[in-house]
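One structure is given here, and the rest of the page talks about it.
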Amino acid sequence: MADQKSPRRYSSTLRAEQAAATRERVVAAAAELFSERGYAGTSMPEIARTAGVSTETVQSHGPKSVLLRAAIDAFAFGVGRDADTRATELGGRLLSARSSTEAVELAADVLAQVNAATHGLWLAFSEAARTDDEISESFRQLAQGIRMQNVVLMTEWRQRGFAREDVPFEELVDRSVLVTSVELYDRAVRVAGMSPDEYRRHLAVMLRELIAAR
């Protein structure tokens with residue numbers, strides 16, 4: 001009996017794997033197009049062409065707003081919105097510092113990398129949140145999650161003596177959120193024309209002056 005059921009289980013597993021792979025392609029295509037063209041400028045047929053599937057297949061994975069939230073969760077910050085940054089490779093790099101100076105340099109490296117990779121998708125998310133209440137709530141929740149990740153990082157820095165003691169903790173968190181924001185990256189690089197290396201250098205200066213222990 002077990003042998004008779006085995007092909008069915010194999011077939012079911014294969015279908016599930018194929019469905020998961022298709023969804024991954026669809027979400028990756030959506031993320032790419034949202035980043036390049038914005039939310040309003042991306043259509044379901046375009047996502048389908050980029051993913052190499054039919055428009056009906058894309059639609060079966062949800063409306064455009066669902067694909068946007070899936071893209072944010074999968075690609076924007078390397079972790080799900082509720083995950084702990086410390087458990088990621090990038091988080092591990094952030095926490096490997098042995099001094100305040102090294103912490104600043106590592107943070108500038110990591111955050112410049114993250115912001116360069118995610119700013120287009122973040123702006124698409126922000127754009128959509130202006131007109132869609134459901135996306136607006138998701139955007140608010142993600143912003144809260146990012147603040148909590150900054151709380152975690154500033155707690156670690158304080159415990160290790162890397163963060164300023166003359167600034168209230170909540171203000172340190174506020175400074176960290178603002179200085180490392182995707183919006184600041186976009187203003188510096190896309191709008192003002194800084195190179196990514198110039199942005200990274202300025203980010204390190206701001207982290208050193210506003211947050212790091214002296």
Side-chain angles (χ1 to χ4, degrees), residues 27-28 31-32 34-36 71-126 138-214:
V27 172
E32 176 185 342
F34 289 143
S35 296
E36 292 176 356
I72 286 288
D73 284 344
F75 295 99
F77 306 100
V79 295
R81 68 184 66 174
D82 297 322
D84 189 336
T85 299
R86 292 173 297 184
T88 69
E89 179 183 355
L90 293 178
R93 286 175 57 195
L94 281 173
L95 298 176
S96 67
R98 293 165 293 181
S99 68
S100 174
T101 298
E102 189 177 3
V104 165
E105 295 302 319
L106 283 170
D109 285 343
V110 168
L111 292 164
Q113 176 184 337
V114 169
N115 286 341
T118 63
H119 81 282
L121 191 55
W122 175 270
L123 293 179
F125 201 20
S126 178
S138 293
F139 188 71
R140 185 188 65 79
Q141 291 175 1
L142 182 57
Q144 288 180 339
I146 291 171
R147 179 179 173 79
M148 286 306 302
Q149 299 292 1
N150 278 269
V151 168
V152 170
L153 181 60
M154 286 301 100
T155 298
E156 292 280 351
W157 278 28
R158 266 281 176 85
Q159 290 174 348
R160 298 181 186 201
F162 297 167
R164 293 177 62 160
E165 294 287 350
D166 61 329
V167 175
F169 181 77
E170 288 299 317
E171 184 174 336
L172 275 180
V173 173
D174 289 338
R175 291 182 181 188
S176 178
V177 170
L178 292 172
V179 166
T180 63
S181 68
V182 184
E183 289 87 352
L184 185 58
Y185 173 91
D186 186 69
R187 177 66 177 82
V189 175
R190 184 181 65 85
V191 178
M194 283 186 191
S195 70
D197 285 343
E198 288 174 322
Y199 163 78
R200 183 235 170 265
R201 180 171 58 82
H202 284 292
L203 177 58
V205 170
M206 288 184 286
L207 290 169
R208 189 176 301 114
E209 293 297 320
L210 295 173
I211 295 171
R214 299 182 178 184

Checklist entry - Would you say Phe169 and Val151 make side-chain contact, with heavy atoms under 4.5 Å? => result yes
Next on the checklist: Please evaluate residues Phe162 and Val104 with respect to the criterion side-chain contact (heavy atoms from CB on, under 4.5 Å), reporting the C-alpha separation (whole Å), side-chain torsions for both, the decisive distance (0.1 Å), and the verdict.
Outcome noted: CA-CA 9 Å; Phe162 297 167; Val104 165; over 6 Å; no
Checklist entry - Under the side-chain contact (heavy atoms from CB on, under 4.5 Å) criterion, do Leu123 and Asp186 qualify, and how do the steps go? => result CA-CA 9 Å; Leu123 293 179; Asp186 186 69; 3.2 Å; yes
Checklist entry - Between Asp174 and Arg147, is there a salt bridge with N-O shorter than 4.0 Å? => result yes
Checklist entry - Rounded to the nearest 0.5 Å, how far does CG of Leu142 lie from OG of Ser126? => result 11.0 Å
Next on the checklist: Between Arg158 and Arg164 (side chain of the first, backbone of the second, donor and acceptor by atom type, cut-off under 3.5 Å), is there such a pair?
Outcome noted: yes
Checklist outcome for this item: Separation between CH2 (Trp157) and OG (Ser100), nearest 0.5 Å, reads 6.5 Å
Checklist entry - Is the number of heavy atoms from other residues, nucleotides or ligands under 6.0 Å of Arg98 CZ greater than 12? => result no
Checklist entry - Would a distance-only check, ignoring hydrogens and angles, find a side-chain to backbone donor-acceptor pair under 3.5 Å from Gln159 to Glu156? => result no
Checklist entry - With side chains defined as the heavy atoms from C-beta onward, is the minimum distance between Asp109 and Gln113 less than 4.5 Å? => result no
Item to check | Inter- and intrachain pairs under ring pair (Phe, Tyr, Trp, His ring centres under 6.0 Å), touching residues 170-199, at least two apart | outcome: His119-Tyr185, Tyr185-Tyr199
Item to check | Salt bridge Glu171-Arg175, side-chain N to carboxylate O under 4.0 Å | outcome: yes
Checklist entry - Going through the distances and angles, do Phe139 and Trp122 end up as a side-chain contact (heavy atoms from CB on, under 4.5 Å)? => result CA-CA 9 Å; Phe139 188 71; Trp122 175 270; 3.5 Å; yes
Checklist entry - Does Thr180 use its side chain to pair, donor to acceptor, with the backbone of Ser176 at less than 3.5 Å? => result yes
Item to check | Distance (rounded to the nearest 0.5 Å) between Leu121 CG and Glu36 CD | outcome: 11.5 Å
Checklist entry - Can you tell me how far the CD1 atom of Ile146 sits from the CE atom of Met148, to the nearest 0.5 Å? => result 12.5 Å
Report, one line per pair, each donor and acceptor closer than 3.5 Å where one atom sits in a side chain of residues 202-211; sequence neighbours left out.
from   : atom 1 : to     : atom 2 : distance (Å)
Arg208 : NH2    : Glu105 : OE2    : 2.7

Item to check | Nearest non-hydrogen partners of Ala71 and Ala31, listed with the distance | outcome: CB-CB, 3.7 Å
